[in-house]
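First the proteins, then the strands, lettered A, B, ... as listed; each starts at 1.
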2 protein chains.
Amino acid sequence: MLNERTGVPPHDCEECPIRHRAVCARCESDELEQLDGIKYYRKYEAGQTVIWSGDRMDFVGSVVSGIASLTQTMEDGRTQMVGLLLPSDFVGRPGRATAAYDVVATTDIVMCCFRKAPFEEMMVRTPHIAQRLLEMTLDELDAAREWMLVLGRKTAREKIASLLSIIARRDASVNARPDKSEIVFDLPLTREAMADYLGLTLETVSRQISALRKDGVIALEGKRHVTVPDMTRLLEEAGDDADGGVFA
Amino acid sequence: MLNERTGVPPHDCEECPIRHRAVCARCESDELEQLDGIKYYRKYEAGQTVIWSGDRMDFVGSVVSGIASLTQTMEDGRTQMVGLLLPSDFVGRPGRATAAYDVVATTDIVMCCFRKAPFEEMMVRTPHIAQRLLEMTLDELDAAREWMLVLGRKTAREKIASLLSIIARRDASVNARPDKSEIVFDLPLTREAMADYLGLTLETVSRQISALRKDGVIALEGKRHVTVPDMTRLLEEAGDDADGGVFA
DNA sequence: CCGCGACCTTGACCCAGATCAAGAGAACTT
DNA sequence: AAGTTCTCTTGATCTGGGTCAAGGTCGCGG
């Protein structure tokens, strides 16, 4: 659902009917057009749970605005975020009846949903869509495996730098500023959410962010507004060589 | 590529043309039949690298026998295994020109390969196959995310128990012994490979295996032959409730 | 039979990150 | 404006697992 590796921008609507109406005003006619009546928008507030793991899931859809997360929880309360859902990311799995993870709105979000049965019918009629879904799922798989390296082998500092890189990159693809080399964005996650994503505690997240600030790798205004003066430096800190890794 | 979550046995050939000739002698006529000439078998010895990350990859295929692994490596040598390829698991990604990870033969392996271009042509002609591939990719994605929880939040002991559970389960689905409740199998991985999969060092792996043996959770004969007297106990040690988690 | 190399085990010590604890901002209610 | 709550920071201390080091076991080739 997240698409860090390829970083496909959200507006490639011609070849991406799924993302169509959810994010792109340009597209006016499409297969999905015929689906009106089975398509609906839905809003959730920050902190609300969209679906609980194990629940019946009778829709698929994509995030229009805001950020949601996929989370797994153990009985004793330990939690691990397994995916970030940014605008244009797809939610739900054709052919599966129930949700495998909790989906939680991290900020206020709007989702564009399709009832699952008709969507699946359309998938069978329209091979194009199945192909596109396969493509997207492979992207998600790459992102998940990239993240396994982060979780298994990187230090806390590298983990933070990796996360900031990904967010910076996603943000940059939306708000391109070709004139200036520095990248500015707002962190869409609390320290706790970052910790859940990185397999750390929130205290460690806080300390490492402070350390990166102290070392001039990033600058902070308030708690959430981040400036990255030198992206190459941040990538080095993430343990990726500048042109490989997450940005390949 | 690995399929821990659903644990689909390797012989569902009627609905799984991809696995067809690679693993199942029953299937005699199929789309893939027509592909002879573009299909070939290949052997690798334990330790050999099948493909290097970044290399051009002009085939797809599946593992017939033996075990291979998908591995990522950082410049400084830290490595993380991101997938285990057991017999019947699929390798390669339609639509991608290069390999994203190193594929290494962990034991001697035989692979059944198809040249990629004709395979992709067939995929377009045969929607059935695209659907099946999507299904398999979703399974892999689930397995990868399951593993993110293991890497991010579990203790060393839980990690070992999780890995043993997965191997026991895969093995059990092949060599079902309905008469006895205890499960017996040979570890197909060195301590170092286990460490790379679990995000640990080989010393910690060794210590935790010793601890599980001392506590009667498993029994060892030699270094590789494992007996699990009580699977429920092992699952508890893995931090999964007995009927949830990896075995869901 | 011996020596060698691959694999594994165990011990001693150390450190990155967890845990526990205290408090500071900032955005709300009332 | 004062309280409340949510979020974040920072300090002090503890510990799980990493690191370094020293064998042990087994299979293989000479």
Determine the contact category for [X]: base if any of its heavy atoms lies under 4.0 Å from a base atom, sugar-phosphate if only primed atoms, P, OP1 or OP2 are that close, otherwise nothing.
X	value
A:G199	sugar-phosphate
A:L202	base
B:R157	nothing
A:T190	sugar-phosphate

Closest nucleotide among [options] to the [X] side chain:
X	options	answer
A:T201	C:dT10, C:dT19, D:dT9	C:dT19
A:E203	C:dC8, C:dT19, D:dG18	C:dT19
B:R207	C:dG11, D:dG17, D:dT9	C:dG11
A:T204	D:dC8, D:dG17, C:dG17	C:dG17

Can a donor-acceptor pair be found, under 3.5 Å and without considering hydrogens, that links the side chain of B:D108 to the backbone of B:A46?
yes
Between [atom2] on [N] and [atom1] on [X], what's the gap in Å once rounded to a whole number?
X	N	atom1	atom2	answer
B:L187	C:dT9	CG	P	10 Å
B:Q208	C:dC8	CD	P	16 Å
A:R78	D:dG16	CZ	P	13 Å
A:R224	D:dT9	CZ	C1'	14 Å
A:E221	C:dG25	CD	P	17 Å
A:K214	D:dT9	NZ	P	11 Å
A:D76	C:dA18	CG	C1'	15 Å
B:E192	C:dA6	CD	P	12 Å

Salt bridge (charged side-chain N to carboxylate O under 4.0 Å, His left out) for B:R233 and B:E237? Distances and angles first, verdict last.
CA-CA 6 Å; B:R233 174 79 194 284; B:E237 291 285 354; 3.2 Å; yes
By nearest-nucleotide position on DNA chain C, the 5'-leaning member of A:V205 and A:K223 is A:V205
Could you go through the side chain to side chain contact (heavy atoms under 4.5 Å, CB included) check for A:V103 and A:Y44 one step at a time?
CA-CA 11 Å; A:V103 179; A:Y44 298 88; over 6 Å; no
Could you give me the CA-CA distance, side-chain angles and deciding distance for B:T71 and B:D196, then say whether side chain to side chain contact (heavy atoms under 4.5 Å, CB included) is met?
CA-CA 8 Å; B:T71 302; B:D196 282 344; 5.6 Å; no
Check the surroundings of atom CD in A:E203: do more than 12 heavy atoms from other residues, nucleotides or ligands lie under 6.0 Å from it?
yes
